[in-house]
Amino acid sequence: MKWSKAFIPTTREDPADAEIRSHKLMVRAGLISKLASGAYTYLPLGYRALRKIEQIIREEMDAAGAQELHMPVIQPADLWARTGRLKAYGPVLMHFNDRHGRDVVLGPTHEEVITSLVANNVGSYKRLPLNLYQIQTKFRDEYRPRFGVLRTREFLMKDAYSFHISIDDLKTTYQKMYEAYCRIFDRCGLEYIIVEAESGPIGGESSHEFMVPTEVGEDSLVRCSCGYAANLERATAAPIDVRPAESLDEIQQVHTPGATTIKQLTELLSVSAEKCIKTLILMGDGEPLIALLRADHELNEAKLARAAGLENIEMADAETIEKLTGAAVGFSGPVGLEGVRIIADQAVSVMSNAVTGANKTDYHITGVSPGRDFALPIIADIRLAQQGDHCVKCGGQLQFSQGIEIGHVFQLGTKYSDALGANVQDEQGNTKPLIMGCYGIGLNRIMAAAIETCSDKDGVVWPMGIAPFQVVIVQLSDSSQVVETAKQLYKDLEARGCEVLWDDRQVRPGVKFKDADLIGIPLRITVGEKALAQGKIELKRRTEKQPRLLEPTDAVEAVVQLVESQTRS
RNA sequence: CGGAGCGUAGCUCAGCUUGGCUAGAGCGCUGCGUUCGGGACGCAGAGGUCGGAGGUUCAAAUCCUCUCGCUCCGACCA
């Protein structure tokens with residue numbers, strides 16, 4: 001491609017509405033352009049990169065035994081109602097009414113469609129396992145699109161769905177997908193980690209997320225040097241040890257007017273939050289429930305729900321709290337509360353001489369020791385891991401960072417097949433629900449994550465595997481010798497299968513160098529009078545400072561080799 | 001949906017507090033000339049519903065009301 005004919009609108013300045021590095025660079029390098037909040041055009045350069053990502057995914061999915069198909073974006077809302085997800089997704093689903101007034105949704109994902117497809121066409125275990133995938137635009141009316149292309153209302157996703165007669169068979173495919181994902185992300189040149197994950201409202205039991213650690217990701221990661229890794233929702237910290245025995249104080253009531261927050265309480269009484277018990281009152285399936293946490297810890301609702309055996313949990317309103325405790329919000333405590341389920345975090349169970357609410361407005365009590373002053377019927381891990389916690393596997397310090405989720409694999413089970421009646425007959429002729437797995441990859445996020453992690457002060461530094469072009473030829477002048485040499489290199493490299501961008505523009509050298517760095521093509525050939533006087537041209541990697549001088553024919557060989565060695569995983 | 005901020009040239013912004021002449025700068029763009037190995041310079045130019053609607057006023061980019069859009073924080077999220 002000749003640069004003079006290409007549509008690559010680079011800019012010198014950062015866009016005003018971009019906050020994070022990848023977003024700024026994607027706009028400056030002419031990869032994307034925003035149409036509206038959460039809706040971006042992929043410009044030719046950006047689209048080339050996106051298509052390369054797509055092709056890597058396609059090749060690896062095919063190699064792993066999955067088959068590509070293409071499903072509709074528009075889906076009857078009725079189908080969504082049957083799995084309960086019309087309600088579960090709520091306003092995130094984009095709807096419209098067609099000319100007959102039928103409620104239609106734009107697919108945010110395709111479990112319903114694929115499950116009904118397979119239900120209608122597969123009746124026997126003999127056709128299983130089956131693994132089908134598509135690469136398609138998905139629609140979600142996000143509460144808040146953000147971070148450039150990281151969270152948008154319209155995005156490209158690869159979603160695969162597998163169908164099985166047995167859990168063992170599902171696990172085999174799950175493992176294959178897991179390995180295929182590793183190859184895909186390796187080929188994309190990403191540094192990623194794999195974490196245990198909550199499966200979320202999609203349902204299912206086992207799940208792993210593929211994350212690229214960055215400073216700006218939306219997800220929080222917890223890691224240990226021993227290899228333990230989980231996302232924050234799932235992460236478990238090592239239990240807190242029992243403190244050395246001290247003499248147990250007697251309970252005393254203290255006047256704490258207006259101290260409704262932990263901060264106010266600790267300042268008023270000059271105690272650390274570690275000595276206070278936070279009493280959270282929640283509603284689970286219509287019943288009140290009390291969660292006790294050390295005051296410097298945060299509740300993990302998913303863990304609490306699991307410990308309590310409940311589906312949905314939400315914070316109780318002020319009225320419920322006042323009725324239950326007889327005190328205003330902010331003065332609740334476990335001592336003396338009757339007839340309500342109490343679940344204590346493990347860290348609370350090892351406390352003594354603690355401070356907590358007195359169930360009397362404007363009063364707290366001190367000298368509280370769990371076990372002595374109130375019962376601990378259920379002790380569980382119901383908190384978020386936090387800075388300073390230790391690894392549950394090896395006892396080492398847990399490390400916290402942010403990350404971008406680029407892929408997610410789930411073992412779904414029979415949630416959708418049950419809801420949609422997707423059954424097959426097994427060997428004995430019994431009717432069995434299909435056991436499912438599903439596997440997603442966010443293509444746009446791969447691109448953003450790659451740029452977020454691969455860039456320097458001058459611009460993007462594309463990994464070879466997903467670079468829009470593999471090599472850029474910078475032609476420094478219009479002298480016939482320079483032009484002819486550049487042209488010959490261009491022809492030779494293209495003939496060898498390289499993706500070449502030839503900067504033949506009538507602009508000053510400085511502009512060409514700056515632009516080449518900004519758009520981040522991995523290899524750069526410079527053709528200029530100086531080196532050409534010795535019959536040489538310059539070859540440089542984007543990551544290097546100094547070029548090497550080579551004969552043009554040697555340069556072609558060198559480029560071909562570099563491309564090959566860096567494209568392989 | 002709650003909180004905060006921002007909408008002025010293609011892009012990045014100044015001007016608004018304290019209303020007043022023809023609405024400015026830099027970058028980019030067009031033409032001519034000089035330059036030509038890391039975003040050159042000179043001259044000449046094109047380019048604006050000051051987000052939109054309504055109001056106050058002799059007079060509104062500037063003040064008031066409403067509205068739309070965008071960004072960030074929160075809530076939410078395969």
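No hydrogens, no waters, no symmetry mates; every other heavy atom, side chains included, goes into these values. Letters go in sequence order (proteins before strands), and every chain restarts at 1.
Pairing for G69(B) goes to C6(B), judged as Watson-Crick or G-U wobble with the two contacts each under 3.5 Å. Look at C77(B): it lacks any Watson-Crick or wobble partner with both distances under 3.5 angstrom. In a base pair of the Watson-Crick type (N1 to N3 plus N6-O4 or O6-N4) or a G-U wobble (N1-O2 and O6-N3), with each distance short of 3.5 Å, C21(B) is matched with no nucleotide. Pairing for U62(B) is absent, with no Watson-Crick or G-U wobble pair whose two atom distances lie under 3.5 Å. As the counterpart of G45(B), C29(B) is assigned, both hydrogen-bonding distances of the Watson-Crick or G-U wobble pattern falling under 3.5 Å.
Residue-to-nucleotide proximity on RNA chain B shows that, of Ala18(A) and Gly440(A), the 5′-proximal contact is made by Ala18(A). If you find the closest nucleotide of RNA chain B to Pro145(A) and to Thr10(A), the one lying nearer the 5' end belongs to Thr10(A).
Here CD1 of Ile446(A) is found 12.0 Å from CD1 of Ile451(A). Values are rounded to the nearest 0.5 Å.
Distance check on atom C1': C16(B) versus A60(B) gives 10 Å, rounded to whole Å. Between C64(B) and G20(B), the distance separating the two P atoms is 15 Å to the nearest Å. When the P atom is used for both C50(B) and G24(B), the distance is 14 Å, rounded to whole Å. Comparing G37(B) with C21(B), their C1' atoms sit 50 Å apart, to the nearest whole Å. Remark: the separation of the C1' atoms in A59(B) and C66(B) is 23 Å, to the nearest Å. Across C13(B) and G74(B), the matching C1' atoms stand 30 Å from one another, rounded to whole Å. Comparing the P positions of U57(B) and G10(B) gives a spacing of 34 Å, expressed to the nearest Å. Rounded to a whole angstrom, the distance from the P atom of G55(B) to that of G42(B) is 48 Å.
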Side chain to side chain contact (heavy atoms under 4.5 Å, CB included) between Val461(A) and Thr543(A): does it pass, once the steps are laid out? CA-CA 7 Å; Val461(A) 183; Thr543(A) 49; 3.7 Å; yes
Would Tyr178(A) and Phe210(A) count as a ring pair (Phe, Tyr, Trp, His ring centres under 6.0 Å) here? Give the steps. CA-CA 9 Å; Tyr178(A) 185 103; Phe210(A) 291 73; 5.6 Å; yes
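Looking at heavy-atom distances under 4.0 Å, Tyr439(A) makes no contact with the nucleic acid at all. The residue Ala36(A) sits close only to the backbone: its heavy atoms come under 4.0 Å of sugar-phosphate atoms, none of a base. Residue Arg153(A) is classed as having no contact, given no heavy-atom separation below 4.0 Å to the nucleic acid. Across all strands, Pro108(A) comes closer than 4.0 Å to base atoms (heavy-atom distances).
The pair Lys303(A)-Glu233(A) does not count as a salt bridge, with every side-chain nitrogen at least 4.0 angstrom from each carboxylate oxygen. Ion pairing between a basic and an acidic side chain is recognised when a charged N comes within 4.0 Å of a carboxylate O; Lys138(A) and Glu154(A) show no such pairing. Glu538(A) has no carboxylate O lying under 4.0 Å from a charged side-chain N of Arg548(A), or vice versa, which leaves the two without a salt bridge. Between Lys278(A) and Asp296(A) there is no salt bridge, since none of the side-chain N atoms of the basic residue sits less than 4.0 Å from a carboxylate O of the acidic one.
Contact annotation: Arg508(A) does not reach the phosphate of G38(B) (side-chain N/O to OP1 or OP2, under 4.0 Å). Contact annotation: Ser37(A) does not reach the phosphate of G69(B) (side-chain N/O to OP1 or OP2, under 4.0 Å). Arg146(A) has a side-chain polar atom (N or O) that falls below the 4.0 Å cut-off from OP1 or OP2 of C73(B).
None of Trp502(A), Trp3(A), Phe469(A) except one satisfies the ring pair (Phe, Tyr, Trp, His ring centres under 6.0 Å) rule with Tyr490(A); the exception is Trp502(A). Applying side chain to side chain donor-acceptor pair (under 3.5 Å) to Asn231(A) and the options Glu209(A), His208(A), Glu405(A) leaves one that passes, Glu209(A). Tested against Tyr133(A) for a side chain to side chain contact (heavy atoms under 4.5 Å, CB included), the candidates His70(A), Arg58(A), Met177(A) yield a single pass: Arg58(A).
The CG atom of Asp14(A) sits 21 Å away from the P atom of G26(B) (whole-angstrom rounding). Look at CG on Asp503(A): it is 15 Å from P on G39(B), rounded to the nearest Å. Counting to the nearest Å, the C1' atom of G39(B) and the NZ atom of Lys457(A) are 13 Å from each other. Atom-to-atom, CG of Leu150(A) to P of C72(B) comes out at 11 Å; the value is rounded to the nearest Å. Atom CZ of Arg151(A) is separated from atom C1' of C72(B) by 16 Å (rounded to the nearest Å). Put simply, CD on Glu142(A) is 13 Å from P on U71(B), counting in whole angstrom units. Between the CG atom of Asp17(A) and the C1' atom of C70(B) there is a distance of 7 Å, given to the nearest Å. Atom CZ of Arg12(A) and atom P of C13(B) are 16 Å apart (whole Å).
The shortest side-chain heavy-atom distance between Ile435(A) and Ile167(A) falls under the 4.5 Å cut-off.
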Hey, what are the protein-to-nucleotides 31-34 of chain B N/O distances that come in under 3.5 Å?
none

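When distances run from any side-chain atom of Glu538(A) to the nucleotides G37(B), U12(B), G38(B), the shortest one goes to G37(B). Side-chain proximity of Tyr143(A) to C73(B), A75(B), U12(B): nearest is A75(B).
Remark: Pro509(A), Gly510(A), Val511(A), Phe513(A), Lys514(A), Asp515(A), Asp517(A), Leu518(A) in residues 509-522 of chain A come within less than 4.0 Å of RNA chain B through at least one heavy atom.
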In a table with atom names and distances, give each donor-acceptor pair under 3.5 Å that connects a side chain of residues 16-29 of chain A to protein atoms at least two apart or in another chain.
| unit_1 | atom_1 | unit_2 | atom_2 | d |
| --- | --- | --- | --- | --- |
| Asp17(A) | OD2 | Lys34(A) | NZ | 2.5 |
| Arg21(A) | NE | Ser455(A) | OG | 2.5 |
| Arg21(A) | NH2 | Ser455(A) | OG | 3.3 |
| Arg21(A) | NH2 | Asp456(A) | O | 3.1 |
| Ser22(A) | OG | Glu452(A) | OE1 | 2.6 |
| His23(A) | NE2 | Tyr40(A) | OH | 3.3 |
| Arg28(A) | NE | Thr11(A) | O | 3.1 |
| Arg28(A) | NE | Arg12(A) | O | 3.4 |
| Arg28(A) | NH2 | Arg12(A) | O | 3.4 |

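Put simply, the side chain of Glu13(A) and the base of G26(B) share a donor and an acceptor less than 3.5 Å apart.
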